[in-house]
Structures are given as C-alpha cells and as structure tokens.
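What follows is a set of notes on a single structure, which appears directly below.
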Amino acid sequence: FFHLFSSGPYEKDDEEADAIYAALDKRMDERRKERRELREKEEIEKYRMERPKIQQQFSDLKRKLAEVTEDEWLSIPEVGDARNKRQRNPRHEKLTPVPDSFFAKHLQTGENHTSVDPLQGQFAGLATPFPGGLNTPYPGGMTPEAGELDMRKIGQARNTLMDMRLSQVSDSVSGQTVVDPKGYLTDLNSMIPTHGGDISDIKKARLLLKSVRETNPHHPPAWIASARLEEVTGKLQVARNLIMKGTEMCPKSEDVWLEAARLQPGDTAKAVVAQAVRHLPQSVRIYIRAAELETDIRAKKRVLRKALENVSKSVRLWKIAVELEEPEDARIMLSRAVECCPTSVELWLALARLETYENARRVLNKARENIPTDRHIWITAAKLEEANGNTQMVEKIIDRAITSLRANGVEINREQWIQDAEECDKAGSVATCQAVIRAVIGIGIEEEDCKHTWMEDADSCVAHGALECARAIYAHALQVFPSKKSVWLRAAYFEKNHGTRESLEALLQRAVAHCPKAEVLWLMGAKSKWLAGDVPAARSILALAFQANPNSEEIWLAAVKLESENNEYERARRLLAKARSSAPTARVFMKSVRLEWVLGNIDAAHELCTEALKHYEDFPKLWMMRGQIEEQSENIDKAREAYNQGLKKCPHSMSLWLLLSRLEERVGQLTRARAILEKARLKNPQTPEIWLESVRLEYRAGLKNISNTLMAKALQECPNSGILWAEAVFLEARPQRKTKSVDALKKCEHDPHVLLAVAKLFWSERKITKAREWFLRTVKIEPDLGDAWAFFYKFELQHGTEEQQQEVKKRCENAEPRHGELWCAESKHVLNWQKNIGEILVLVASKIKNTF
C-alpha cells in the first residue's frame with residue numbers, strides 16, 4: 001500500500017494510523033517472543049548434541065589425566081621430526097668460483113655473446129665475483145673494454161688490504177698476529193668519527209682553516225681550531241702534529257702551549273710544558289698546568305716553588321702552593337706571600353687564621369695599612385677579639401671600620417654588611433654579628449620607613465637561619481621605638497618560636513614596662529609562667545596587669561582560667577563574681593555559666609544563665625548553653641523552647657539553627673528538622689553550613705538521591721564553599737571522586753577543607769606518600785583547623801612511624817587549633833574541659849572511622 005500511495009500527502013491521521021499499527025505489531029511480537037526464544041534454545045541444544053565441541057569430546061579423557069602418575073608422564077616419548085629427509089638435512093648449493101684466467105681470456109678476445117652458455121651458470125658477465133668479498137657487479141652495459149682489467153693487480157690490492165687490517169690489530173708487543181675479536185671491534189669503534197657534522201662540512205672547515213693558517217701563520221686561534229677539528233674527527237695524531245707546528249709558529253702564545261699539553265699523552269705533555277716554560281717564564285697558567293700533570297705531591301710542590309721564584313706576584317699560585325703545605329709551612333709561606341702580594345685580602349686573612357692571637361692582631365693591622373678599603377679585614381679583627389674574650393673591643397672595631405672605610409671613600413652597602421653579619425652568626429661570632437647589625441641597620445633608610453624595613457630584615461634573617469642577627473635587629477628596633485606595641489609583639493613571638501623561656505620572659509617584662517596598656521603582652525607573660533608550672537608568678541603578673549588595666553575583660557578571664565585549670569574552683573568563682581559586679585560583659589557571664597556547668601552544678605548554671613539572658617539576650621552562646629544544659633537533663637521541650645527563643649533574638653546564629661535541627665532529628669522528628677533547615681536557609685541565604693547540614697540530614701536518613709540533589713543546589717548557591725565541595729567529593733561513587741576533587745580544587749584552590757578531602761581521597765586509594773604531602777599542605781595553609789590535625793594524626797597512626805606520629809602531635813600542640821567540626825565537638829564537650837591539646841587530638845583521632 002505504501003508504494004501505491006507514496007505520492008500522496010502524509011497527514012496527521014496517517015501518522016496516527018501508523019502509530020496504532022506499530023503498537024499492534026509490537027504487542028503481537030511480545031506474545032510470540034517467549035515461544036520463539038524457547039524454540040531457539042531447543043534448536044541450539046539439539047545442534048550441540050549432534051556436533052559437540054572438541055573441548056567436550058575430550059572432557060572424559062581430561063578427567064582421567066588426574067590419574068596419570070609422574071613416572072608415566074616422564075615416560076611419554078618426545079615428538080619426532082615429521083619432516084621429510086630433504087627438509088631435515090638441507091644441502092647448501094655448491095658454488096664453484098670461476099678462475100681469473102677465464103675472465104682474462106674473454107677480455108682479450110672481446111667476443112660478443114648473444115646467448116648464455118649453461119655451463120657458465122650465473123657468471124655470464126652479469127655478476128663478477130672477486131674473491132675476498134669485493135663483489136663488484138658490472139651490468140651488461142658497464143662491462144669494461146678489452147684489456148682494461150688486470151686481475152693480478154686486483155689480487156695484489158686485496159692482499160695489501162688484508163695485510164694492513166691484520167697489522168692494525170696484531171699484538172705489537174709480543175709479535176703475535178692473533179686477532180682479538182673484541183679488541184678489533186673496539187678499534188673499529190674508535191676509528192668511527194664522533195662528530196655529528198657532514199663529511200663535506202668537515203672538508204670545507206679543514207680547507208678554510210688551512211687557508212687561515214697559511215695566510216696568517218702567527219695567529220694562535222687558527223692552530224687551536226685546526227687541532228680541535230682533527231681531534232673531533234678522530235685524527236688525534238694529525239691534531240698533535242698540527243698543534244706542535246703551532247707552538248713553533250706562535251711560541252709566545254699561552255693558549256697554544258696549553259692546548260698542546262692537553263692533546264699530548266702524559267710524559268710528552270710534561271716535555272711540552274717544560275718547553276712552554278722556557279718560552280713563557282712568566283705564565284701562571286702554564287705553571288699551574290705543569291703542577292697538575294705531576295702526580296706526586298713533592299713534585300707538585302717543587303714545580304710551584306719554581307713557579308713562585310719566577311712569578312712571585314701571583315695570588316693564584318701562592319694559594320695553590322699554600323693548600324699543599326702543612327699548617328706550619330703554610331704559615332711561613334703566607335708570611336712571604338703577603339710581602340709579595342700585599343693587596344690580597346685572602347692571603348692576609350689566611351695568615352691571620354694560622355697565627356697566634358698577638359701575631360694575628362699584628363698581621364691584621366698590617367693588612368689594614370696595605371688595604372684600607374676592605375671591610376673583611378675589620379670584621380675578621382672583630383671576630384678575633386671576640387674569640388679571645390675581648391667583647392668590649394668588638395663594638396669599637398666595627399665603629400672604627402665604618403669611619404675608616406668612609407674616610408677612604410668606600411660606600412657602606414647595608415645589604416652586604418647584613419650578609420656578613422649573617423655569616424658571623426653562622427660561624428658563632430655572636431657579638432660581632434650584633435655589633436655589625438647595630439652599626440649598619442640605620443644606614444640609608446628614611447625615618448618613616450625604619451620600622452617596616454627592620455621588620456622585613458628580621459624576617460629575612462630568620463628565614464636564612466641567622467637568629468642572632470634577627471634578635472639584634474629587634475633589640476635595636478625596640479630601642480628606637482620603645483612604645484610600639486607591634487614591635488614588642490613581633491619580638492615576643494620571635495622569642496617564643498626561636499628563643500628560650502627565660503629570654504621570652506625577660507623580653508615581656510621589659511615590654512609591659514614600656515607598654516603597660518597592651519593586654520596581650522601581660523597575658524603572654526602570665527601564660528609563659530603558667531606553662532612552666534610557676535602559678536604564683538603568673539598570678540602576680542596578672543595582678544600587675546589589673547593595676548595597669550582595671551576592669552579589662554581579657555585579664556579577668558585569664559585569671560579565672562589560671563585558677564580553674566589549677567583546680568582552684570572557689571577562687572575562680574570569687575573572681576567571676578567580682579568581674580560580674582565590676583566589669584559585667586556577656587563573655588564574663590558565659591564563663592561563669594560554663595564553670596558551674598562543667599563542675600556539675602546544673603541548678604547554679606541555670607540560674608546564672610537566666611540572669612545573663614536578662615542583660616544579654618542577643619548573645620547566642622548563652623541560648624546555646626541553656627539549650628544544651630536542658631538537653632543534658634533530658635528536658636527536650638525546654639531545650640526546644642530555649643533554642644526557639646534564641647533564634648527569635650539571634651536569627652543569624654548558624655550554630656543555634658544546627659542545634660535545633662539535630663535535636664529534632666535525635667527525637668525522630670525528621671520532617672520538622674528538614675523544615676527548620678529550610679527556614680534557616682530562607683533567613684540566611686548563601687550559608688554553606690546550613691546547606692551542608694541539610695545534605696547530611698538526608699544522607700543520614702538513607703535518602704542518597706535527595707542528598708545529591710540538595711548538594712547540586714547548594715553548590716549552585718555557594719559555588720566557592722570549601723566545606724560543600726569537600727563533602728561533594730565523598731558523596732560521589734568511588735570512580736567519580738577523582739574528577740570531583742579536580743573540580744573542587746579549581747573552585748577552591750587554597751581551601752583547607754578541599755585540601756583535606758584530597759588528602760583523604762589519596763589515603764582511601766592507599767597512595768601514602770601523596771596523602772602525606774596533601775595533609776602537610778593542609779595544616780600549613782590552616783594550622784587552626786583541628787580536624788585536619790586529627791585526620792593527619794590518624795593517618796600517621798595507621799601508616800607512619802612512631803617519630804612521625806610524635807612530630808604531628810608536637811606540631812599540633814604548637815599550633816593550638818581551635819576550629820573544626822569534629823575538633824569542637826570534643827574540645828567543647830563538658831567532660832573534656834580540662835584536657836590539653838594533645839589529649840583532645842588523640843580523642844578526636846580515635847573517633848574517626850575510615851569509612852570514606
């Protein structure tokens with residue numbers, strides 16, 4: 001029908017009819033499908049029964065193979081060679097070489113053959129085999145004219161060539177003519193040119209250099225270039241001959257003689273150098289080459305002493321000669337060297353190092369007279385005085401150095417002097433280093449740039465490991481800016497990280513005297529005393545701080561912390577009561593509630609919390625504490641009420657929303673928890689923490705599809721949130737995680753949560769080294785993230801050594817992290833309130849499960 005009416009228009013009712021027919025066909029096909037499949041299966045089985053596979057035919061025999069013993073296996077005969085006799089023993093075709101007389105005869109007659117004689121076989125003027133491997137084929141058109149080819153001469157040439165080859169590889173010492181195949185191949189390799197150029201290029205270069213030599217025979221570079229070209233192409237003897245010719249033509253050229261010495265073998269090179277010395281008795285380089293050629297130390301010394309007789313002004317020769325001598329002889333030589341070369345600073349300083357204290361002083365004074373413009377002599381003099389205990393002289397010497405150098409027109413380069421000070425620091429000359437810093441630190445700096453520049457200098461010294469230099473810079477800065485709190489703080493942090501407890505406390509004592517209003521300096525001093533176990537001293541520091549800063553919240557709370565940490569709960573209570581009456585703040589009330597709560601006085605905590613909320617109802621932490629206290633007492637309704645009231649006053653507190661949502665989830669009200677989080681998202685748009693909790697809520701409820709959908713929405717709303725991307729990586733199936741982590745790194749390259757997720761990803765794939773690198777990167781970028789330290793510690797517990805575990809723990813204690821979801825859950829728990837950083841780290845790590 002289709003073909004009959006294909007020319008007509010295809011309308012909507014035709015389309016409908018076709019769809020109905022297609023549906024009917026499909027339905028009918030489905031009805032027949034089962035019967036068809038059954039029939040096909042039966043046919044395949046029948047075919048298999050009639051024509052079984054080879055594998056199936058021998059299956060019973062295969063099973064019987066299990067019964068074959070080892071002896072029977074071994075007695076099975078080997079398979080013979082089934083090929084026929086001619087294939088088994090192939091006979092090589094015999095080829096008989098044609099005698100030379102045959103070719104000679106035909107060349108003389110010059111006959112033209114129009115057919116190939118079968119007796120001549122394959123050698124009918126088409127291929128002429130010459131014995132000795134010289135197969136020279138002459139095609140018909142290239143056969144030489146009659147009488148041209150002398151076979152006797154070809155034979156003689158071949159014999160000559162073989163003689164040359166054999167004489168090359170024969171053993172010339174014992175007269176043997178046995179060819180060593182390995183040596184032969186090595187010789188052949190050595191004959192192959194090692195250059196990468198083309199043969200025609202070498203020929204051109206050779207021609208060009210020859211032309212240069214002939215045009216200007218007294219031009220040394222032409223001879224050197226020619227010799228080097230021959231050396232590169234493997235013709236060493238030609239190179240030697242050329243360079244020796246060069247020495248004749250240019251006897252006064254140092255470079256030609258040195259090249260000749262380089263190209264010649266051992267003893268010949270010595271002879272060449274001796275010849276060079278006769279022509280150039282003042283050449284330092286030739287003497288040094290002569291000394292290098294000597295293998296015996298005494299011979300080297302002899303050559304150098306001879307050289308110094310002729311060239312006594314060469315500092316280089318003196319230095320090489322002195323290096324070969326024993327200390328006592330070196331001292332004698334140096335005292336002569338400084339007479340010959342009075343302007344060499346290195347020789348003067350080397351002599352001063354070898355002399356006794358008194359003599360060294362004299363040497364350095366002489367050196368200063370001869371070279372009044374060099375700073376190193378002055379610095380060495382200062383070091384010498386310091387090494388001998390005259391530290392009061394060091395400052396004078398450095399000051400005189402600056403004055404003297406300026407008088408002699410030397411510009412004082414501040415950076416160079418600071419570098420010298422760093423070198424003094426590394427050499428252990430602390431007083432010299434500090435004196436240099438004090439003398440040059442203010443040179444060439446505008447007054448308004450001083451503070452900024454000095455702080456940068458101090459950081460640079462710390463980075464180079466020159467701690468004494470940094471300390472000297474801070475000391476000088478503090479003298480100039482005694483009332484600058486920022487400089488005192490920088491110096492205090494430097495002492496805390498690189499100094500001793502005593503140096504830190506001494507500095508802080510001076511700091512609070514100059515900046516009594518800087519609370520942080522008082523607190524650092526008190527903390528240092530407390531960590532050292534000296535609680536009374538810490539109390540007295542805080543008492544002095546109170547006098548300087550009456551009613552300071554920070555100092556009140558530090559005093560409370562000191563007492564509560566040392567189990568003086570009554571004193572802490574009294575202090576808090578005083579603080580509430582004299583300096584009432586929300587934090588003081590919060591700490592009061594927390595103290596009662598952790599000590600188990602729930603009623604007192606509740607009362608204090610109610611009182612605090614009358615004054616500070618917009619402080620979310622008080623509402624949180626109230627709710628958590630009620631939760632602890634299992635008063636779910638009261639807890640819910642506390643959170644709801646808190647949210648009315650503080651609708652932007654994320655923690656309150658999360659606590660209320662988790663409370664509802666805990667009591668099984670999943671729908672209500674969901675509604676709370678939605679409300680939170682409406683009130684606080686673009687808040688990653690709320691989105692994250694929503695995703696996790698669905699995931700914990702087993703609704704993975706919904707959690708994935710929510711995560712996609714969350715990432716649309718907060719595309720640069722590290723915590724969301726980190727969670728998204730582990731929501732994916734294992735094969736897709738790597739791709740997701742790459743996306744996360746593109747969006748949040750330096751986010752610690754993403755870096756931590758990548759480290760965990762490598763850990764889950766057992767890529768230990770990479771995981772460790774990423775953990776280190778994470779804690780370096782954000783040392784305050786407790787979760788990163790906990791995961792890192794857990795990782796080292798599983799895959800690291802005892803040392804690595806302790807290293808992570810120590811670094812974590814120094815960093816004192818305070819943030820992180822898992823970290824805060826443990827550190828702020830009422831049962832862990834007296835635990836230190838190390839204990840909390842172990843506790844958090846123990847709670848981590850490798851489920852990712």
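Atoms considered below: every heavy atom in the structure, side chains included; atoms not considered: hydrogens, waters and symmetry mates. In this text, all values refer to a predicted model and were calculated from it rather than measured experimentally.
- The minimum heavy-atom distance between Cys424 and Cys433, with the atom names listed, is CB-CB, 3.9 Å.
- In this structure, Trp223 contributes its side chain and Met244 its backbone to no donor-acceptor pair below 3.5 Å.
- The 12-atom threshold is exceeded at NE2 of His498, counting heavy atoms of other residues, nucleotides or ligands nearer than 6.0 Å.
- Taking CH2 of Trp454 as the start and SG of Cys461 as the end, the distance is 13.5 Å to the nearest 0.5 Å.
- Two residues are said to be in side-chain contact when any heavy atoms from C-beta on lie closer than 4.5 Å; Lys426 and Glu423 fail this criterion.
- With rounding to the nearest 0.5 angstrom, the CD atom of Glu773 is 8.0 Å from the CG atom of Leu776.
- Distance check: His464 NE2 to Gln419 CD gives 8.5 Å after rounding to the nearest 0.5 Å.
- The shortest distance between side-chain heavy atoms of Asp425 and Cys469 falls below 4.5 Å.
- The salt bridge (Lys or Arg N to Asp or Glu O under 4.0 Å) test applied to Glu468 returns Arg471, not counting sequence neighbours.
- To the nearest 0.5 Å, atom NZ of residue Lys767 and atom OG1 of residue Thr769 are 11.0 Å apart.
- Smallest separation of non-hydrogen atoms from Trp417 and Val436: O-CG1, 3.5 Å.
- Shown here are the side-chain hydrogen bond (donor to acceptor under 3.5 Å, both in side chains) partners of Gln416, two or more places apart in sequence or in another chain: Arg375.
- The shortest distance between side-chain heavy atoms of Arg772 and Gln804 falls below 4.5 Å.
- Ile418 contributes atom CD1, which lies 8.0 Å from atom OG of Ser460 (distance to the nearest 0.5 angstrom).
- Taken to the nearest 0.5 Å, the CD atom of Glu422 stands 10.5 Å off from the CG atom of Leu467.
- Partners of Lys738 under the salt bridge (Lys or Arg N to Asp or Glu O under 4.0 Å) rule, at least two apart in sequence or in another chain, do not exist in this structure.
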